[in-house]
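Structure, as structure tokens:
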Amino acid sequence: MESKELILILDFGGQYNQLIARRVRECNVYSEVVPYDVSLEKIKEKNPKGIIFTGGPASVYGEDSPQCVDGIFELGIPVLGICYGMQLMSHTLGGKVLSADTREFGETSVSIDNTSPLFQGFESQNIFLMSHTDYVAEVPMGFAKIGFTSDCPHAAMENSEKKLYGIQFHPEVNNSVNGTQVIKNFLYNVCGCSGNWIMSSFVEDSIKSLKEKIGDKKALCALSGGVDSSVAAVLLSKAIGKNLTCIFVDHGLLRKNEGDEVEEIFTKNYDLNFVRVDAKNRFLEKLAGVTDPERKRKIIGEEFIRVFEAEAKKIGTVDFLVQGTIYPDVIESGHGKSAVIKSHHNVGGLPDYVDFKEIIEPLRSLFKDEVRKTGLELGIPENLVYRQPFPGPGLAIRVIGDITDDKLTILKDADAIFREEVANAGLHKNINQYFAVLTNLKSVGVIGDKRTYDYTVALRAVETTDFMTGVWSKIPYNVLEKVSTRIVNEVEHVNRVVYDITSKPPATIEWE
Ligand code: XMP
């Protein structure tokens with residue numbers, strides 16, 4: 001692992017920072033995002049093959065604008081500055097940055113010098129996304145102009161001798177045609193990377209180092225059936241086999257048949273100790289009569305830990321606790337603060353009283369798509385690997401108001417029909433999250449000649465990449481019609497189905 005090539009991405013507060021890291025990894029080079037003020041010692045210690053400065057909202061002349069650490073350009077490590085990163089490079093090395101009267105924004109035709117290693121293989125005109133007000137008016141000494149637009153005199157610059165490059169556009173976004181190739185050229189042509197970051201080698205290396213670290217000691221893993229904990233568990237089982245125990249707390253709030261599916265996958269396919277705890281009654285008792293969404297979350301979070309602890313105690317002392325933490329959960333922002341990723345969302349958390357010596361987070365360096373690739377590498381079934389996100393509190397926050405076993409059954413059946421029809425229509429690949437909600441509303445209906453007074457089920461489907469914002473999915477009417485007909489016909493106590501046509505914001509994805 002230590003020999004892997006690394007690109008350090010210095011975060012100057014731009015909105016696309018994680019995207020840059022992902023693009024680099026798509027080029028098979030490992031990358032990490034670190035705060036812009038990371039010390040020179042730390043950089044040397046990490047020994048990167050190259051450094052990328054991200055964009056950011058600041059102006060180099062602004063008060064408190066983020067600056068680069070002294071001496072960074074003297075390390076002999078290639079640097080690529082993107083947008084603010086380019087302006088900062090220029091400003092620091094003696095060039096001139098000015099503020100334009102108007103902002104240059106959008107897909108822009110950029111003329112480039114394709115004899116530069118950065119633009120090898122490119123046409124002389126290319127469409128890249130520009131988004132800036134400040135611009136480099138004069139490049140520093142030793143630099144040459146290698147790109148311009150009708151509004152921007154220096155859209156790209158290079159100092160080939162020192163391997164310092166700046167680009168005013170954003171190569172990391174999809175709007176920049178062949179933008180990833182610019183990054184790839186930097187990695188391969190300028191930094192001399194060979195591209196040894198591939199998932200199969202990650203799996204191999206991880207298994208080897210986990211074996212060395214754990215030896216014949218014991219590890220414990222809380223398995224939720226979600227992608228991250230499942231991949232972590234399988235990785236560990238390949239490394240230490242029966243010395244791994246997975247505890248799967250079935251809180252009774254999972255989707256239809258989900259508990260059985262998880263159990264089947266893990267007991268049939270892998271050589272590990274699998275403990276399924278049927279804790280449904282415990283959870284439902286604690287939740288009885290509770291209607292407030294945040295209280296539901298809290299109760300479930302706490303109860304989850306209690307159940308996990310009780311089971312862990314039966315096993316005795318374990319040396320290692322395995323967690324499925326992934327990179328976006330640990331990444332630090334440009335201002336040195338850890339990004340808090342919805343702490344209230346992390347049901348399960350860390351049990352305080354479980355007797356273990358060390359935490360192992362084998363997926364700590366991976367993005368979600370890399371976790372999925374790792375899962376496939378490990379032979380985990382595709383339907384688990386591509387499972388849509390499912391909240392820790394499960395169906396508890398999809399039964400609006402108080403939760404009962406009967407309501408859960410209604411919701412599970414309706415939700416299963418919705419998911420089945422979305423899949424039948426081949427829409428599951430485009431819709432990122434879709435589920436049914438049991439509203440607390442009863443309304444009058446008629447079936448045959450009889451009046452009914454039953455529940456309304458709401459369908460929710462969103463398209464999103466980050467789950468922070470999203471738009472409601474335009475599912476074709478014929479699919480919605482089929483789902484609605486099936487639900488009212490097949491699920492008792494439902495006489496009305498509605499479709500949620502609100503995006504996020506202002507609504508959230510879940511109803512509670
Ligand atoms: P919202 O409803 O906030 O959801 O728009 C955004 C994403 O987070 C998921 N979510 C949760 N996940 N525990 C979780 O593990 C929770 O309490 C929780 N609440 C929402 C939601 O499913 C969506 O993917």
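Hydrogens, waters and symmetry mates are skipped; everything else that's a heavy atom, side chains included, is used. Ligands are counted one by one from 1 in listed order, and the atoms in each one are counted from 1 as well. The chain is numbered in sequence order, starting from 1.
Atoms of ligand 1 lying under 4.0 Å from at least one heavy atom of Phe467, given by number and element, are 6 (C), 24 (O). Shown in contact with Gly392 at under 4.0 Å from a heavy atom are these atoms of ligand 1, numbered in order with element: 13 (N), 14 (C), 15 (O).
The heavy atom nearest to atom 17 (O) of ligand 1, out of those in Arg398, Lys298, Arg297, Lys504, is found in Arg297. Across Gly394, Ala396, Gly226, Pro391, heavy-atom proximity to atom 11 (C) of ligand 1 is greatest for Pro391.
The side chain of Gln433, and not its backbone, has at least one atom closer than 4.0 Å to an atom of ligand 1 (non-hydrogen atoms only; side chain from C-beta on). Under 4.0 Å from ligand 1, heavy atoms of Glu510 appear from its side chain as well as its backbone.
Looking only at atom types and distance, the side chain of Arg22 has no donor-acceptor partner in the side chain of Ser31 under 3.5 Å away.
A cation-pi arrangement is not found for Arg255 relative to Phe435, the charged atom failing to lie both closer than 6.0 Å to the ring centre and inside a 45° cone about the ring normal.
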Under 3.5 Å, sequence neighbours excluded: what are the donor-acceptor pairs made by side chains of residues 231-249?
unit_1: Ser237; atom_1: OG; unit_2: Val234; atom_2: O; d: 3.1
unit_1: Lys242; atom_1: NZ; unit_2: Asp271; atom_2: OD1; d: 3.0
unit_1: Asn243; atom_1: OD1; unit_2: Lys218; atom_2: NZ; d: 3.3

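Taking NZ from Lys412 and CG from Leu438, the interatomic distance works out to 13.0 Å, rounded to the nearest 0.5 Å.
Not counting sequence neighbours, Glu377 has no partner by the salt bridge (Lys or Arg N to Asp or Glu O under 4.0 Å) test.
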